[in-house]
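These notes concern the structure reproduced below.
Whatever order the structure lists ligands and atoms in, that order sets their numbers, starting from 1. No hydrogens, no waters, no symmetry mates; every other heavy atom, side chains included, goes into these values.
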Amino acid sequence: MALADIEARIAAAAARSGRAPESVTLVAVSKVQPEDRVRAVIAAGQRVFGENRVQEAEGRWTPLRAEVSDITLHLVGPLQTNKLNKALALFDAIHSVDRDSLARKLAEAVQARGACPTLFVQVNTGREPQKAGIDPDELDAFLMRLRGDYALPVFGLMVIPPADEDPAPHFTALAEMAARNGLTGLSMGMSDDFETAIAHGATHVRVGSALFGSRTG
Ligand SMILES: *Cc1c(COP(=O)(O)O)cnc(C)c1O
């Protein structure tokens with residue numbers, strides 16, 4: 001089973017850095033995957049899943065959660081403010097907080113609900129114009145606003161490095177930004193680079209195709 005293989009690779013990468021395997025959470029990114037593959041990974045014992053679209057996640061996980069009660073869901077894709085309440089009803093963690101307009105609405109909704117998901121601020125370390133995430137130069141001020149003006153607890157930072165670059169410098173940069181801001185969560189590393197990310201301190205690795213198989217197949 002691919003799950004056991006990924007878990008072994010996570011444990012080995014953690015051990016190489018003198019870290020406990022439990023210090024790394026595997027977020028199984030199930031977006032677009034056929035349901036039989038998702039069910040197989042649940043049957044193998046995985047409980048933490050990631051999706052990148054609110055609507056798709058709702059359709060898939062509302063029925064599955066009625067069967068398996070202890071599923072934890074992470075939103076790893078962009079969040080539109082008009083989907084905010086739906087997202088808060090569904091997700092235990094949001095990895096894509098990246099702009100003031102979203103933070104303000106999030107703060108209002110969290111206050112109304114009286115509960116807040118685990119929050120990660122996405123940082124666009126590669127400064128790619130088409131990519132989500134806050135500019136690294138604006139991060140510290142954004143975190144001050146989140147914690148101060150909006151009273152939102154921030155758990156950590158998230159990055160998707162540019163596809164055509166060595167991810168290691170981006171992981172290093174994200175870890176440095178987190179440390180400087182007193183944040184312990186680091187959501188970084190995907191199928192091709194999660195071991196490198198763990199070496200740089202990742203607490204959450206988001207693995208899709210290496211676990212479920214290719215999304216095109
Ligand atoms: C799809 C996706 C992943 C998983 O990607 P793989 O390369 O299939 O592991 C991780 N993070 C985000 C934000 C994604 O959208």
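Contacts of D192 with ligand 1, taken as heavy-atom pairs under 4.0 Å, are absent altogether.
The protein heavy atom nearest to atom 10 (C) of ligand 1 is M190 SD, 3.2 Å.
In summary, the atoms of ligand 1 found under 4.0 Å from a heavy atom of R206, numbered by their order in the structure, are 4 (C), 9 (O), 10 (C), 11 (N), 12 (C), 13 (C). Here is the list of ligand 1 atoms found below 4.0 Å of a heavy atom in S209: 6 (P), 7 (O), 8 (O), 9 (O). Close contacts between ligand 1 and K31 involve ligand atoms 1 (C), 2 (C), 3 (C), 14 (C), 15 (O) [criterion: under 4.0 Å to a heavy atom]. Which parts of ligand 1 touch I160 is read off a 4.0 Å heavy-atom cut-off, strictly below it: atoms 13 (C). Set against the non-hydrogen atoms of V76, the atoms of ligand 1 under 4.0 Å away are 12 (C), 13 (C). Close approach of ligand 1 to V207 is summarised as follows: ligand atoms under 4.0 Å from at least one heavy atom of the residue are 9 (O).
Ligand 1 has no atom lying under 4.0 Å from any heavy atom of H95.
At a 3.5 angstrom cut-off on N or O pairs, G208 counts as close to ligand 1.
Taken to the nearest 0.5 Å, the CG atom of D100 stands 3.5 Å off from the OH atom of Y150. Note that OG1 of T125 is 8.0 Å distant from CD of E165, once rounded to the nearest 0.5 Å. Interatomic distance, L186 CG to S23 OG, rounded to the nearest 0.5 Å: 11.0 Å. Of the inter-residue distances, the one linking H170 atom NE2 with I160 atom CD1 reads 12.5 Å to the nearest 0.5 angstrom.
Proximity annotation for atom 5 (O) of ligand 1: of M188, M158, R215, R215 comes nearest, heavy atoms only. Comparing G50, G189, S191, S96 against atom 9 (O) of ligand 1, the shortest heavy-atom distance belongs to S191.
Between F49 and W61, the angle of the ring planes lies from 30° to 60°, which puts this pair in the tilted group. Between F120 and H204, the angle of the ring planes goes over 60°, which puts this pair in the perpendicular group of the 30/60° scheme. Relative orientation of the H95 and H74 rings is tilted, given thresholds of 30° and 60° on the angle between their planes.
Summarising the geometry of L139 relative to N181, their closest heavy-atom pair is CD2-ND2, 4.3 Å, with the distance given to 0.1 Å.
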